[in-house]
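All residue numbers refer to positions in the sequence shown, counting from 1. All values below were derived from every heavy atom in this structure, side-chain atoms included, with hydrogens, water molecules and symmetry-related copies excluded.
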Amino acid sequence: MSTPSTTTAAAVTRAEYCVIACAEAWRDNGEVLASPMGLVPSFGARLAKRTFSPDLLLTDGEAMLVGLDGSAEGWLPYRRHLTMVTGGRRHVMMGASQIDRFGNQNISCIGDWEQPARQLLGVRGAPVNTLNNPVSYWIPKHSTRVFVERVDMVSGVGYDRAEAAGVTRFHRLPRVVSDLGIFDFSGPGHAMRLVSLHPGVTVEQVRAATGFELDLPEEVPYTREPTPEELRLIREVIDPKGLRDREVRV
């Protein structure tokens, strides 16, 4: 396992590594609509646009395309938004109440569908999102309650179900980011694989917090260090109030 710079690692918070990890999800995406859900993914999308993905499109979450300062640059009516979704020109980063080894995601209910122990958001747009455009996931608290062997209800479609249904043309789950590390689905049969650990986290911690067997590379690197300019942007421009630390508590 590679060792991060001691000086840099001491200065960078876990939340900031998570912002960097989320930003990397949009690297080389080109002119697509970023749809981040949550504070840290939103900061990541804005950081990506300010640095290595300048063509990324951002919205106000409602009906406008916005610039780096938040000012409106164009109108994004619902019809046009749906066209971008079905044409694969959007990359969503959703949350997950549960996610399994093949990327099936649940945001609908916990427990049996007939009488769930907890009612959540409902499936919302998760099925269409996952079958029509790239979808990544942000999970601020990595635990066995979230990373489960089998989700109680499928909201977002994973690789195994997409393949079984023959709907893989636009289906792609680039990555999962949690407060412990970065994951993708490059394991056998598109199983979840550990890509990197955030500095200060061990493989044993990730295994203990995951409810299924993760695929592991021989050498597990650490999540990359932010550049001095990226740190400045995060701390002084994108999130000067430090809201990122409310979502990632270590």
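- When side chains are defined from C-beta on, Pro134 does not count as touching Val92, because their heavy atoms never get closer than 4.5 Å.
- Here Glu230 does not pair with Arg235 in a salt bridge; the nearest charged N to carboxylate O distance is not below 4.0 Å.
- Asp215 has its side chain out of reach of Met192: every pair of non-hydrogen atoms, C-beta onward, lies at least 4.5 Å apart.
- Considering only heavy atoms from C-beta on, Asp160 comes within 4.5 Å of Asn104 through its side chain.
- Every residue two or more places apart in sequence or in another chain was checked for a ring pair (Phe, Tyr, Trp, His ring centres under 6.0 Å) with His198, and none qualifies.
- Between Ala96 and Ile107, the closest heavy-atom pair is CA-CG2, 4.1 Å.
- Taking OG1 from Thr130 and NE2 from His171, the interatomic distance works out to 5.5 Å, rounded to the nearest 0.5 Å.
- Trp113 and Pro116 make their closest contact through O-CD, 3.4 Å (heavy atoms, listed as atom of the first residue, atom of the second, distance).
- No hydrogens or angles considered: a donor-acceptor pair under 3.5 Å links the side chains of Asn129 and Arg90.
- Atoms OG and CG, on Ser196 and Leu180 in that order, are 11.0 Å from each other to the nearest 0.5 Å.
- Residues Val206 and Phe183 meet the side-chain proximity criterion, which asks for heavy atoms closer than 4.5 Å.
- Considering only heavy atoms from C-beta on, Pro217 comes within 4.5 Å of Arg193 through its side chain.
- The shortest heavy-atom contact between Phe147 and Val176 is CZ-CG1, 4.1 Å.
- Between the CZ atom of Arg246 and the CG atom of Asp239 there is a distance of 9.0 Å, given to the nearest 0.5 Å.
- Taking each heavy atom of Glu225 and Pro199 in turn, the nearest pair found is OE2-CG, 4.4 Å.
- Here the side chain of Glu31 pairs no donor or acceptor atom with the backbone of Asp55 at under 3.5 angstrom.
- Applying the side chain to side chain donor-acceptor pair (under 3.5 Å) test to every pair with at least one member in residues 173-186, sequence neighbours left out, gives these pairs: His142-Ser178, Asp184-Ser186.
- A salt bridge does not link Glu213 to Arg101: none of the charged side-chain nitrogens sits closer than 4.0 Å to a carboxylate oxygen.
- The shortest heavy-atom contact between Asp152 and Gly111 is OD2-N, 2.8 Å.
- Interatomic distance, Met94 CE to Trp138 CH2, rounded to the nearest 0.5 Å: 15.5 Å.
- Between the side chains of Ser136 and His91, at least one donor-acceptor pair of N or O atoms lies under 3.5 Å.
- The backbone N or O of Gly103 lies less than 3.5 Å from a partner atom in the side chain of Asp100, making a donor-acceptor pair.
- Relative ring orientation between Tyr159 and His190 is described as parallel, the plane-to-plane angle staying below 30° on a 0-90° scale split at 30° and 60°.
- When all heavy atoms of Leu243 and Phe43 are compared, the pair lying nearest together is CB-CZ, 4.2 Å.
- Residues Ile99 and Ile110 are members of separate hydrophobic clusters, defined by side-chain heavy-atom contacts under 4.5 angstrom among Ile, Leu, Val, Met, Phe, Trp and Tyr.
- No hydrogens or angles considered: nothing links the side chains of Ser108 and Ser155 as a donor-acceptor pair under 3.5 Å.
- A chain of hydrophobic side-chain contacts below 4.5 Å, direct or via other Ile, Leu, Val, Met, Phe, Trp or Tyr residues, connects Val177 to Ile234.
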